[in-house]
Amino acid sequence: MALSTQPYKGARDFYPEDKRLQKYMFNTMRKVVERFGYEEYDAPILESLELYAAKSGEEIVNEQTYTFTDRGDRKVAIRPEMTPTVSRMVAAKRQELPYPLRWYSIPNLWRYERPQRGRLREHWQLNVDVFGLKGLEAEHELILVADAILQEFKAPRSTYEIKLNSRQLMDDIFKDYLKVDKQQAHDLAKLIDRMHKTDAKVFKETIQEITKSQPVYDSLIDLLHAKQVRDLPAELQKHDSLKELEKLHKLLQASGLTNTVFDITLMRGFDYYTDIVFEVFDTHPDNNRSMFGGGRYDGLVALFGVEPVPTVGFGMGDVTLQNFLETHKLLPEIASETDLYVVLVGDVYEQAQPALKELRAKGLNLAVDSTGRKTDKQIKAADKKGLQKVVFIGEQELADQKFTLKDLKTGQTESLTLEQLVNHL
RNA sequence: GCGGGUGUAGCUCAUCUGGUUAGAGCGCCGGGUUGUGGUUCCGGAGGUAGUGGGUUCGAUCCCCAUCACUCGCCCCA
């Protein structure tokens, strides 16, 4: 039985052309978040299982986390998300860190689930967090960062929509406005979260079943029709979170983000969110899904026994981002890291070394064809690698110290000294 | 974890209700004479039909199992 060449289920091999694309995406993200003053951190892929048990939500720990017991009998998890880790890191140095803290990371994360479009078992996720800002300047900044990343990828604002809501608002609506109990609130939240995917009739019937009260049902249906903050009942207009949402919306509009909307059905899966949450949606019908999201989670750092630190963060997955860029045809051709393919003509491997050394010293990335095969084969190899520039080095060139540079795209050749060659590229 | 679909050459797919040596396009390799690719021409390699069972005189085709991929659900990025 031959060994399988397939990568592990739900995980990807990155061949050089795939890796080039990944590097392009990550470098673009890095460039943008660093422009906003965020600094990169990292951490181990393994964490103690307890880290996730506390606050991530039931499902992700019980069913979606890769776990094992190590030789020292410790329960270990492969990180399914980065937020608990970064909270742990901040808590560990709570007193000595300079706030506001702007941190980012691009970790690979593992979740045990059924792979499908936009969702694999291993993915990379840009995590951007700001620690130590109580005001909604934090939310504003992070949404600007998310938007700036998509702008850097040249995505028109019509291709995505930024949805805003508040977890606090929803909690208070359930508790004080609708006056339903905890279990009902939880069930309703889950249901509302998938309202757009549920059949309208089934949706309403399920609400009936959960609320068991006609007035509550009517009020809730009314709320769900709200398209903007102003549509909500006057009684709720006084709610702090709603005022904040309105302010945030104005701030974003003033920043040129014309594609932000209030969406009362936005819930977000993790239990640790405490107030404003947001998600960026792809508006394309073929890929209508949440690309990334985040929100405020003021309580997480305090779980480590230190004073709380107000925090806002978001995550952006590489798979969903790539789907988005592909769907909107925003992925450019990415050139190889190699600048120049060296065709050796005749038996000149040894004599060519000084010239090769000089070219490398001047910063060119060279791939030398040291096979000794015919020149046409060598050129074909360069072409197949997707390289555009080829230089010929043979007896003649070495004698004259003039080298023939060929552009495989235009077919033109030029005879150049090493100096000129370097300047040319 | 649950439900549906698919699985034939490296890739995309044929093989007409089970019937001789399973085909094509693209790709790949070699050649059109020795220092210039991409076009073109000629030639060639490559498949135990995902895997294992079963039904049948006979299975790529029907049945079962299993694995993989894929779509949806759950959940989420």
Side-chain angles (χ1 to χ4, degrees), chain A residues 1-2 4-12 15 56-65 80-83 106-128 146 189-191 193-194 197-199 202 266-271 273 277 279-282 286-287 289-294 313-324 341-348 369 372-398 403-415:
Chain A
M1 186 69 170
S4 169
T5 56
Q6 284 182 325
Y8 174 73
K9 186 183 176 79
R12 293 159 290 169
Y15 286 84
S56 294
E58 291 294 307
E59 167 119 11
I60 201 164
V61 179
N62 297 340
E63 293 169 32
Q64 297 197 331
T65 303
E81 51 158 339
M82 200 59 172
T83 304
I106 311 180
N108 57 332
L109 309 174
W110 287 82
R111 290 184 194 169
Y112 193 89
E113 54 185 340
R114 189 103 175 231
Q116 55 192 271
R117 180 177 170 82
R119 198 171 56 198
L120 302 173
R121 287 184 173 182
E122 184 191 34
H123 76 118
W124 274 257
Q125 189 188 63
L126 170 69
N127 276 255
V128 187
K190 294 268 171 191
L191 181 67
D193 189 35
R194 47 177 211 272
K197 291 202 263 184
T198 312
D199 177 74
V202 174
L266 176 63
M267 292 294 174
R268 303 226 14 97
F270 292 125
D271 291 342
Y273 290 113
V277 290
E279 266 186 10
V280 179
F281 266 74
D282 189 342
D286 293 350
N287 198 46
R289 64 201 313 132
S290 166
M291 279 193 288
F292 44 94
F314 76 87
M316 173 188 271
D318 70 324
V319 183
T320 42
L321 176 64
Q322 194 175 325
N323 284 154
F324 171 79
Y341 195 77
V342 180
V343 171
L344 295 179
V345 184
D347 188 16
V348 293
D369 195 317
R373 58 192 160 176
K374 290 181 191 169
T375 51
D376 65 322
K377 299 287 177 219
Q378 298 191 42
I379 294 169
K380 270 187 191 169
D383 192 44
K384 194 171 172 181
K385 282 174 186 291
L387 302 179
Q388 201 184 329
K389 307 281 189 180
V390 169
V391 68
F392 296 86
I393 301 184
E395 305 272 351
Q396 193 66 51
E397 285 81 357
L398 288 166
F403 301 86
T404 309
L405 178 70
K406 174 159 184 153
D407 186 311
L408 293 185
K409 225 167 208 165
T410 63
Q412 288 177 338
T413 58
E414 282 180 89
S415 190

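The chains referred to below are lettered A, B, ... by the order of the sequence lines, with proteins before strands, and numbering in each begins at 1.
A/M316 comes within 4.0 angstrom of nothing in the nucleic acid, heavy atoms only. Nucleic acid contact class of A/D376 (heavy atoms, under 4.0 Å, all strands): sugar-phosphate only. Among the heavy atoms of the strands lying under 4.0 Å from A/F392 is at least one base atom, whether or not backbone atoms are also near. Across all strands shown, A/G346 has no heavy atoms under 4.0 Å from either base or sugar-phosphate atoms.
With sequence neighbours excluded, the residues that form a side chain to side chain contact (heavy atoms under 4.5 Å, CB included) with A/T83 are A/E81, A/S87, A/N127, A/Y272, A/Y297, A/L300. By the side-chain hydrogen bond (donor to acceptor under 3.5 Å, both in side chains) test, A/Y8 pairs with A/Y66, A/R121, sequence neighbours left out. A/N108 is linked by a side-chain hydrogen bond (donor to acceptor under 3.5 Å, both in side chains) to A/R79, A/E122, counting only residues two or more places apart in sequence or in another chain. For the side-chain hydrogen bond (donor to acceptor under 3.5 Å, both in side chains) test, no residue two or more places apart in sequence or in another chain qualifies with A/Q116. Contacts of A/L120 classified as side chain to side chain contact (heavy atoms under 4.5 Å, CB included), with partners at least two apart in sequence or in another chain: A/R12, A/P115, A/V319. By the side-chain hydrogen bond (donor to acceptor under 3.5 Å, both in side chains) test, A/N323 pairs with no residue at all, sequence neighbours left out. Listed by chain and residue number, A/V342, A/V348, A/Y349, A/A352, A/V368, A/I393 satisfy the side chain to side chain contact (heavy atoms under 4.5 Å, CB included) test with A/L344 (two or more places apart in sequence, or in another chain).
Atom-to-atom, CD of A/Q396 to P of B/G35 comes out at 13 Å; the value is rounded to the nearest Å. Atom-to-atom, CZ of A/R121 to P of B/C75 comes out at 18 Å; the value is rounded to the nearest Å. To the nearest angstrom, C1' of B/G35 lies 15 Å from CZ of A/R373. Per the geometry, CD belonging to A/Q378 stands 14 Å off C1' belonging to B/U34, to the nearest Å. When the C1' atom of B/G1 is taken as reference, atom CD of A/Q64 falls 10 Å away, rounded to whole Å. The distance from atom CZ of A/R111 to atom P of B/C74 is 16 Å, rounded to the nearest whole Å. In this structure, A/F281 atom CZ and B/C76 atom P are separated by 12 Å, rounded to whole Å. As a whole-Å value, the separation of A/Y273 OH from B/C76 C1' is 11 Å.
The distance from atom NZ of A/K9 to atom CD of A/E113, rounded to the nearest 0.5 Å, is 11.5 Å. To the nearest 0.5 Å, the span separating CG on A/L266 from OG on A/S290 amounts to 8.0 Å. Distance CZ/A/F292 to CZ/A/F314: 6.0 Å, rounded to 0.5 Å. Going from atom CD of A/Q125 over to atom CG of A/L109 covers 5.0 Å, rounded to the nearest 0.5 Å.
Nucleotides B/C61 and B/G7 have their C1' atoms positioned 13 Å apart, rounded to a whole Å. The gap from the C1' atom of B/U33 to that of B/C42 amounts to 16 Å, rounded to the nearest Å. With both ends at atom C1', the span from B/G10 to B/C29 equals 13 Å, rounded to whole Å. The gap from the C1' atom of B/U15 to that of B/C71 amounts to 27 Å, rounded to the nearest Å. Rounded to the nearest Å, the gap between the C1' atom of B/G72 and that of B/U17 is 31 Å. Spacing of C1' atoms, B/C41 relative to B/C62, comes out at 47 Å, to the nearest Å. Separating the P atom of B/G31 from that of B/G25 is a span of 22 Å, rounded to the nearest Å. Here the separation of B/G30 from B/A68, taken at their P atoms, is 37 Å to the nearest Å.
Between the side chain of A/R111 and the backbone N or O of A/P80, at least one donor-acceptor pair lies under 3.5 Å. A donor-acceptor contact shorter than 3.5 Å is absent between the side chain of A/D369 and the backbone of A/V343.
Residues A/K406 and A/F392 meet the side-chain proximity criterion, which asks for heavy atoms closer than 4.5 Å. Two residues are said to be in side-chain contact when any heavy atoms from C-beta on lie closer than 4.5 Å; A/P107 and A/M82 meet this criterion.
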Using the 3.5 Å cut-off, write out each protein N or O paired with an N or O of nucleotides 68-70 of chain B and the distance between them.
residue: B/A68; atom: O2'; partner: A/Q6; partner atom: NE2; Å: 2.9
residue: B/C69; atom: OP2; partner: A/K9; partner atom: NZ; Å: 3.2
residue: B/U70; atom: O4; partner: A/R114; partner atom: NH2; Å: 3.3

Between the protein and nucleotides 28-33 of chain B, which nitrogen or oxygen pairs come in under 3.5 angstrom?
residue: B/G31; atom: OP2; partner: A/K377; partner atom: NZ; Å: 3.4

Output a table of nitrogen or oxygen pairs between the protein and nucleotides 42-45 of chain B separated by less than 3.5 Å.
none

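One N or O donor and one acceptor, one from the side chain of A/E397 and one from the base of B/G35, sit under 3.5 Å apart. Within 3.5 Å, a donor on the side chain of A/R119 pairs with an acceptor on the base of B/C75, or the reverse. A donor N or O paired with an acceptor N or O is not found under 3.5 Å between the base of B/A77 and the side-chain atoms of A/E279.
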Strand RNA chain B in bracket notation, Watson-Crick/G-U under 3.5 Å with | for pairs to another chain: (((((((..((((.....[...)))).((((.........)))).....(((((..]....))))))))))))....
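Applying the side chain to side chain donor-acceptor pair (under 3.5 Å) rule to pairs touching residues 383-398 of chain A yields A/Q388-A/D407, A/K389-A/D407, A/Q396-A/D400, A/E397-A/T404, sequence neighbours excluded.
Comparing A/Y112 and A/G394 by the nucleotide of RNA chain B that holds the closest heavy atom to each, the one mapping nearer the 5' end is A/Y112. Mapped onto RNA chain B by nearest heavy atom, A/D407 and A/E113 fall at different nucleotides, with A/D407 at the one closer to the 5' end.
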